[in-house]
Amino acid sequence: MKNIVILVSGSGTNLQRIIDSIESGDIQNAKVSLVVADRECYGLERAANHKIDNVLIPRGKNFSSELDKIIPQDTDLIVLAGFLSILKPEFCENWNGKIINIHPALLPKFGGKGMWGMNVHHAVIEAGEKESGATVHFVTSGIDEGEAILQKSFEVTENDTAETLAEKVHLVEYEIFPTAINKVLGN
Ligand code: GRF
């Protein structure tokens, strides 16, 4: 049984998707052993609803070292699912190859500092992109720079707004995140 720790900052619909995929057997041989949030958010409640251990470590310069203290050493995978803090380089190095993130765009485009949440979708619209999508990638110390694991795109139409893109991207995320997790776990 592989142990997954999930980090969240927000509503946690991707967290929910992962929990549901484990319960339905779409992700096999794995359990969510801990959910960690860097702020009060609904993601913590989702974990509690499924009786998953959950903890709040306030965001800030000590986040990574506090996380290091509580994360079970037998953790096989750390999943960033709508997580907004930047993890310290030492933490990323210690867990190299075992941290993955989902990004709401087609990396390497629209990644890096400031490219989070709705900022990404506004930037895609402003750039007049013909497609957008989501990327699951390994986390390294460079923001959004780790190797891509899975990516899926869709067409951006002239009626799309940042809001409609956010909805469409979420649907793509729900599709590729469980597949990417299976891939990394070797399922
Ligand atoms: C997702 O679009 C994810 O790509 C981005 O933040 C959003 C989180 O959504 N990093 P949710 O909290 O999983 O609903």
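Numbering starts at 1 and runs along the sequence shown. Here the structure is a predicted model, which means the values were calculated and not measured.
For the pair N101/V136, no side-chain contact is recorded, criterion being any heavy-atom separation below 4.5 Å from C-beta on. Taking 4.5 Å as the limit, some side-chain heavy atom of I181 sits within range of a side-chain heavy atom of I18. Side-chain contact between F138 and V184 is present, with at least one heavy-atom pair separated by less than 4.5 Å. Residues S65 and N62 meet the side-chain proximity criterion, which asks for heavy atoms closer than 4.5 Å. Here the side chains of I71 and I78 are in contact, with some heavy-atom distance below 4.5 Å. Considering only heavy atoms from C-beta on, M115 stays 4.5 Å or farther from P104 through its side chain. Within the 4.5 Å cutoff, the side chain of D68 has no heavy atoms near those of the E90 side chain. Residues H137 and H103 meet the side-chain proximity criterion, which asks for heavy atoms closer than 4.5 Å.
Atom CH2 of W116 is surrounded by 12 or fewer heavy atoms from other residues, nucleotides or ligands within 6.0 Å.
To the nearest 0.5 Å, atoms CG (L171) and CZ (R17) are separated by 10.5 Å. Rounding to the nearest 0.5 Å gives a distance of 10.0 Å between CD of E167 and NE2 of H170. Distance check, rounded to the nearest 0.5 Å: CD of E126 to CZ of F110 gives 9.5 Å. Taken from OG in S153 to CD in E131, the straight-line distance is 4.5 Å, to the nearest 0.5 Å. Expressed to the nearest 0.5 Å, how far CG of L56 lies from CZ of R39 amounts to 10.0 Å.
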- Item | Test side-chain contact (heavy atoms from CB on, under 4.5 Å) applied to C41 and V8, step by step | CA-CA 8 Å; C41 63; V8 290; 4.0 Å; yes
- Test side-chain contact (heavy atoms from CB on, under 4.5 Å) applied to I99 and F91, step by step: CA-CA 10 Å; I99 318 176; F91 185 91; 3.9 Å; yes
- Message: What verdict does the side-chain contact (heavy atoms from CB on, under 4.5 Å) test give for L87 and L80, after you've listed the backbone C-alpha separation in whole Å, the side-chain angles of each residue and the deciding distance to 0.1 Å?
- Response: CA-CA 10 Å; L87 295 167; L80 279 50; 4.2 Å; yes
- Criterion side-chain contact (heavy atoms from CB on, under 4.5 Å) on V55 and L34, from CA distance to verdict: CA-CA 8 Å; V55 52; L34 178 66; 3.9 Å; yes
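Heavy-atom minimum distance, C92 versus S141: CB-N, 4.1 Å. Scanning all heavy atoms of the two residues, the minimum distance from L107 to D144 falls at CD1-O, 3.8 Å. Among all heavy-atom pairs drawn from V36 and V5, the shortest one is CG2-CG1, 4.3 Å. Contact detail for D76 and M1: the closest heavy-atom pair is OD2-O, 4.2 Å. The shortest non-hydrogen separation linking N54 to A47 is CB-CB, 3.8 Å. Across F177 and I102, no two heavy atoms sit closer than the pair CE1-CG2, 3.6 Å.
Residues L67 and L44 do not share a hydrophobic cluster, defined by chaining ILVMFWY side chains whose heavy atoms lie under 4.5 Å apart. Linking Ile, Leu, Val, Met, Phe, Trp and Tyr whenever their side-chain heavy atoms come within less than 4.5 Å puts V79 and L150 in one cluster. With hydrophobic clusters built from ILVMFWY side chains whose heavy atoms lie under 4.5 angstrom apart, L7 does not share a cluster with I4. Linking ILVMFWY side-chain heavy atoms closer than 4.5 Å, directly or via other members, places L106 and I176 in two distinct hydrophobic clusters.
Checking side-chain atoms of N14 against main-chain N and O of A81 turns up no donor-acceptor pair under 3.5 Å. S64 places a side-chain N or O within 3.5 Å of a backbone atom of K88 that can act as its donor or acceptor partner. Using a distance-only test at 3.5 Å, with no hydrogens or angles considered, a donor-acceptor pair links the side chain of R46 to the main chain of G12. No donor-acceptor pair closer than 3.5 Å links the side chain of Q151 to the backbone N or O of A134. Judged by distance alone, the side chain of K183 and the main-chain N or O of I149 form a donor-acceptor pair under 3.5 Å. When atom types are taken as modelled, the side chain of T161 and the backbone of E163 share a donor-acceptor pair closer than 3.5 angstrom. Between the side chain of H121 and the backbone N or O of V169 there is no donor-acceptor pair closer than 3.5 Å. Side-chain N or O atoms of N187 include none that pairs as donor or acceptor with a backbone N or O of I27 at under 3.5 Å. Side-chain atoms of K2 come within 3.5 Å of backbone N or O of L185 as a donor-acceptor pair. Here the side chain of T135 pairs a donor or acceptor atom with the backbone of A105 at under 3.5 angstrom.
A side-chain donor from one of D38 and S9 sits under 3.5 Å from a side-chain acceptor of the other. No side-chain donor-acceptor contact under 3.5 Å links Y174 and S21. A donor-acceptor pair shorter than 3.5 Å can be found between the side chains of Q16 and D20. Looking only at atom types and distance, the side chain of E145 has no donor-acceptor partner in the side chain of T140 under 3.5 Å away. With no hydrogens or angles considered, a side-chain donor-acceptor pair links E23 and H50 at under 3.5 Å.
Salt-bridge formation is detected for the pair E175/K152: a Lys NZ or Arg NE/NH1/NH2 atom is positioned less than 4.0 Å from an Asp or Glu carboxylate oxygen. Salt-bridge check for K168 with D160: passed, with a basic side-chain N closer than 4.0 Å to an acidic carboxylate O. Between K109 and E129 there is a salt bridge, since a side-chain N of the basic residue sits under 4.0 Å from a carboxylate O of the acidic one.
A side chain to side chain contact (heavy atoms under 4.5 Å, CB included) with K31 is found for exactly one of I52, I19, N3, namely N3.
By the 30° and 60° cut-offs, the orientation of the rings of F83 relative to F63 is tilted.
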